Amino acid sequence: MFLLYLCLLQVLTGAQHEPGYCSFYEDCGLNPAVEGALIPPRVPCKDYRKAVNVTGDHYELFKSVCPMLAHGEGETLACCSIRQLTALQDSLTLSKAVLIRCPSCADNFAHMHCATTCSPNQSQILKIMKTANITQPTGIVKEAVVGYEAYVSTSFSDASFRSCKNVRIPATGGYAIATMCGRYGATLCTPQRWLDFQGDSSNGLAPLDINFKLLPDGQTAGLPPGAVLFAGTALNCNETTPTGGEACSCQDCEQSCPAVPQPPPLPEPFMIGQLDGVLVICIIVFSCILLLLTCYVILEYTIHYQKSKASLATQEFLGSLFQTWGTIMARYPLIVLPVCLVVVLAFAVGIKDIELTTDPVQLWSAPQSRAMREKAFHDANFDPFYRTNQLILTAPDRPSHYYDSLLFGEQNFSGIISKDLIIELLELQQKIQAIELWSDELNRTASLKDVCYAPLNPDNPSLTDCAVNSLPQYFQNSMDKLNAKANMTELGVTKEVDWRDHFIYCVNSPLSFKDITALGMSCMADYGGPVFPFLAVGGYENEEYTTAEALILTFSLNNYARTDVKFKVAEEWEQRFLEIVQEYQKNTNTNFTFAYMAERSLEDEINRTTAEDIPIFMISYAVIFLYIAVALGEYTSWKRILVDSKFLVGLGGILVVGCSVMASMGFYAWIGFPSSLVILQVVPFLVLAVGADNIFIFVLEYQRDMRRPGEKREEQIGRVLGNVAPSMLLCSLSESVCFFLGALSTMPAVRSFALYAALAVLMDFILQMTAFVALLSLDAQRQDANRCEIACCVTVKTPHPSKPNQGILLPLMKKYYAPALLNSVSRMVVFLAIFCACVFLMFHVKVGLNQELAMPSDSYMLDYFAYLYKYFEVGVPTYFITTKGFNFTSEEGINAVCSSVGCDQFSFTQKIRYATEYPEQSYLAIPASSWVDDYIDWLNPGSKCCRIYTAGPNKDEFCPANETGFFMCAKKCISVPENGVLRPSVENFNRFLPDFLSNRPDLQCPKGSYKTHVTSRFMAYHTPLVNSQEFTAALEKARELAHHITMTMRNVTGTSQDFEVFPYTVTYVYYEQYLTIVNEGLFNIGVCLLPTFVVCCILLGMDLRSGFLNLLTIVMITVDTVGVMTLWGIDFNAVSLINLVTAVGISVEFVSHLTRSFALSIQPTKVERAKEATANMGSAVFAGVAMTNLPGIVVLAFAKAQLIQIFFFRLNLVITLLGMAHGLIFLPVLLSFLGMLHDYKDMQSLCTWCSIPKNTQLVSPSPSFLPEIILPRSHPRQSDNGYK
């Protein structure tokens, strides 16, 4: 009786654990303990009974849901009814939607739940822990199972987990396991945590509570008597399934990955031994140059070299021409000046039609460059890259706090992750969202919805359809949800859960439509998309989002073409956005410290600083003008100061420069060639430097000259012009040809600068030969009459001194500087050493232009860039775009693109995924999302995404996943393939693609809503990029990867040979120039140097040696400039390239005048000739170039724009100082050793053009040029100049 009582007790309590018996059977209704479930929480009835033999329709359904337990019809026992199988199928469908990419993972996942639901030995592997009474529709009350404990071997659970842990969600680049592990996400997920989440009825997916007890194989301790561990066979992810499913792809299974060789390591620096290789080579080259120089100097004193007089013959020819020309211009000044004015006005009137280019893309990227062509292709086939308006907010003074979460344990919350600050952020967000403005373009009130980027409803968006990414979006911007609280019991502990628990869950599972807390709220934004944590918070480490130091608020707008009426609306909305944010920042009650930007901010700030720095340039020009006006005066006596001053001459020289610039700008405006702000800033400065030098040379030469007996004023001016004009022609022609050749550049800004500068320099020379000569003639007439400069009617009685005015510089340089300079070769050695050092430094100059340098020093954008680099955890998105010519509909084409099961191991997306494994070299952080993979998953019959109406008015049409009538949509779009590798036919591919593209993701179907064309794009993310070098390297690596993908995909049958894959993101058009700018710079500087050599040789009578020495010095100035750029932190970019081209032009002024003066000197030795050139011409160059530039350059140091401070102040200061040092120190020493000699005895043969008798004796030269050198002894100037 006692044994019978025990057996009866076991039957009544359901405590048996025997093979072949069930613990529950049949569907018992909805679980009364589960509320707000995402799917009906149907639970089984408690029923200890023998397993049922399944047959007929029951078996067919069983075989489709749990094929691993099916052993043939009539041979299969199970513990689940048809209704249970249907409920299990619905539950597994949701999981398969994210796991189906890996058939073995989906099979293992189904195996687990099929075992606990349908295993014929169910009673042995689980124990009922909790039941509830449920009233049936018939009125009968049945006991339902609402909680049980399952016993699973760790071998099965671990193997199942391993097969699933790397399955990805292509749309996000994240792991599917992250959505199935609750609070732990992918990083902290383990087999136990994975199964615990599946058995948690609070997650909205599990219909009842399951406590999975994992024990090692063979362990019985802790098991009820008769219970055993479920130890089914779990498939590895690289194995095929029993039903024919293919092995998982590499992207979802590491074991399936082929042996991918590691990318080659970054190249090691060039070393020779333990020293820098370039440095060693520079030292060797310097030593060789020094040795050759020494040998040459020794040979110079032992071997007689051929001497040249061709330079003097060329001077004779050119001098006679310019003398005649100058005499005519000086004789008719009142005719010349009006004619010049008319010509200038004819050119300058075109300025009214000038077109200023302010768009940085159009300035620095050539229209036919690869980046511009790719941008045009992208914008033509897809929507342009959206406009970003963003705030990055911090609260540095807020203390952190710890929160003991019921679900997630103790969590450290930073000060900014606090409820009051989130509410304040939400209020600011709503204020911005509510912006309304009157639009003349639309003729109505416009708001955010008129211009916002609405990815899920682009045609007719509402305000909630606009893509706004922020932390409050985890609460759908609802204050009620942010304030929501609920009591929750977990493992016998009851606590209150609130917004913090929801936040922790959502940042780890951003794609979830319902959290696992008692709050049961969605994590999706109100516009329907996910908010990934790196778009909501920043400044965290190792995905510890609660410790984030910043909140991020981003408004995305459509990027319309500038010709679109909505472009203006978007800019006006952004202006209102900036106004609100700036007003909010000024509010003393604001609890945030933040930075912000709008899409228009970069262009706005550049234009603002340009306008604000115009006065700086005006002051700079005024200082230069004041110097010229003062320095040109003779000042022989205080009584004659107003007579001898050259204020009007200086003003005339400035006007000549201004007229030449205006004429150049007007001419190019006439022909429709655009200008830029860079041209307005640089070209006048350059032409002023060139023009001032010529003015000083001409005026000083005239002041040092004495009118000959019987010589008229205009004849004297013509004779002086004949002396100096060939030198002015040499420099101006060299510079003009230099700049015209510089226009061969592919960079629009460099090309336009070169063209404007070339014509301006040429016009400046023409006006100096005409208008300025006429102006000087009028001034000389006034001075001869002793009239004051300002008050022309007032005359001064003090006569002009009989001796020529040599000024201050000439005597100093003649008496002290030139002799001291030329007494040692050491100075030349020092310069050569500096040159070699700068060659070494040139190899270390940084290439690029950090975008913050384009901003003024007080710009709010500087704070934004600092915040961006500090707090953003991911870089810019980049698209890999395919051109036409690839067939996506064929099976081979799909396999070449996708990354799921059955795809090629080196497919399109697989190669990108391999690249992300080496982010330090590829600069890719997140693999590309693939619409092809999502489309395949969407078509999979294992999901509810693609179904067909089987009844009703829409019969045979597509049935969306949110259609609840099962029998109305019982047919799947595509049947289950035998091998598990779903590949639609071409007909089905094209038939269902529009439905896929229009599908809005939801819980039932998380796929869809992509846009594609015949061309297609796949989005990945770069790593955080913080400077132009990293942006450039990222572009280069992305193009390398795209090229490899292109070559592989062209091998697919039917692919066009002009098919191409290329990467695109909005920043590429800015940084592409730095891939080629070194070669571009070498080419531009090279073609600029060429005419300096050619023109110098021609105008010096084919004096190749002088031309070479002239070129060598200019090259040294340019190289030394680049070397100093390295030391002073000036990067090499398009702006510095423009300045280097300018440096060549200014170097010509410093060097060529002196070289020509040396070549024309007839002193008997090279040292004497160098002294003479240094004293006579060096003083004019110093006064005309160095002292003209330096005061104006120093003023630029006070500009607000960092670009001006660095690339105009610093760089021009370097160019001027180096040019002065090389022109006035190095070149004279170099010429004294290596310069060409003339045949002194044959000089009398060159006197014919001067009309001087043959018996004229050659005397020591005056401070002027050749016509002044050859004078008869009886000339009154002999004693004035100390002739012997």
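Scope of the values below: all heavy atoms of this structure, side chains included, with no hydrogens, waters or symmetry mates. In this text, all values refer to a predicted model and were calculated from it rather than measured experimentally.
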Engineer: So, for Y474 and H502, is the gap between ring centers shorter than 6.0 Å?
Structural biologist: no
Engineer: Residues in salt bridge (charged side-chain N to carboxylate O under 4.0 Å, His left out) with E549, at least two apart?
Structural biologist: none
Engineer: With sequence neighbours left out, which residue pairs that include part of residues 575-594 fulfil the salt bridge (charged side-chain N to carboxylate O under 4.0 Å, His left out) condition?
Structural biologist: R576-E579
Engineer: Hey, is the main chain of P396 close enough, under 3.5 Å, to the side chain of T394 for a donor-acceptor pair?
Structural biologist: no
Engineer: Checking R1017 against Y1064: charged group under 6.0 Å from the ring centre and within 45 degrees of the axis?
Structural biologist: no
Engineer: With rounding to the nearest 0.5 angstrom, report the CG to CZ distance, L471 to F503.
Structural biologist: 5.0 Å
Engineer: Is there a salt bridge (charged side-chain N to carboxylate O under 4.0 Å, His left out) between D501 and K485 once you walk through the steps?
Structural biologist: CA-CA 10 Å; D501 300 274; K485 297 179 181 180; over 6 Å; no
Engineer: CG of D397 to CD1 of I416: how many Å apart, nearest 0.5 Å?
Structural biologist: 11.5 Å
Engineer: Could you note down all residue pairs passing salt bridge (charged side-chain N to carboxylate O under 4.0 Å, His left out) where residues 415-438 supplies at least one of them, sequence neighbours left out?
Structural biologist: R398-D420
Engineer: Okay, side chain of E1072, backbone of A371: is any donor-acceptor separation there less than 3.5 Å?
Structural biologist: yes
Engineer: Any ion pair linking K566 and E441 (charged N to carboxylate O, less than 4.0 Å)?
Structural biologist: no
Engineer: Give every residue pair that meets the salt bridge (charged side-chain N to carboxylate O under 4.0 Å, His left out) criterion with at least one member in residues 442-455, sequence neighbours excluded.
Structural biologist: R444-D450
Engineer: Considering residues at least two apart in sequence or located in another chain, which fulfil the salt bridge (charged side-chain N to carboxylate O under 4.0 Å, His left out) criterion with D379?
Structural biologist: K375
Engineer: Can E603 and R562 be said to form a salt bridge (charged side-chain N to carboxylate O under 4.0 Å, His left out), step by step?
Structural biologist: CA-CA 14 Å; E603 193 169 336; R562 288 180 177 262; 2.9 Å; yes
Engineer: Return all side-chain donor-acceptor pairs below 3.5 angstrom for residues 595-602, not counting sequence neighbours, or 'none' if the list is empty.
Structural biologist:
{"unit_1": "Y596", "atom_1": "OH", "unit_2": "Q582", "atom_2": "NE2", "d": "3.4"}
{"unit_1": "E599", "atom_1": "OE1", "unit_2": "T388", "atom_2": "N", "d": "2.9"}
{"unit_1": "R600", "atom_1": "NE", "unit_2": "D604", "atom_2": "OD2", "d": "2.6"}
{"unit_1": "R600", "atom_1": "NH1", "unit_2": "E571", "atom_2": "O", "d": "2.9"}
{"unit_1": "R600", "atom_1": "NH2", "unit_2": "D604", "atom_2": "OD1", "d": "3.4"}
{"unit_1": "R600", "atom_1": "NH2", "unit_2": "D604", "atom_2": "OD2", "d": "3.4"}
{"unit_1": "S601", "atom_1": "OG", "unit_2": "A598", "atom_2": "N", "d": "2.8"}
{"unit_1": "S601", "atom_1": "OG", "unit_2": "A598", "atom_2": "O", "d": "3.1"}
{"unit_1": "S601", "atom_1": "OG", "unit_2": "Y860", "atom_2": "OH", "d": "2.8"}

Engineer: Between F534 and Y540 (judged by ring centroids, cut-off 6.0 Å), do the two rings come close enough to count as a pair?
Structural biologist: no
Engineer: Which distance, rounded to the nearest 0.5 Å, do you find between the CG of L553 and the CG of L391?
Structural biologist: 5.5 Å
Engineer: If the test is ring pair (Phe, Tyr, Trp, His ring centres under 6.0 Å), which one of Y879, F996, F888 qualifies with W931?
Structural biologist: F888
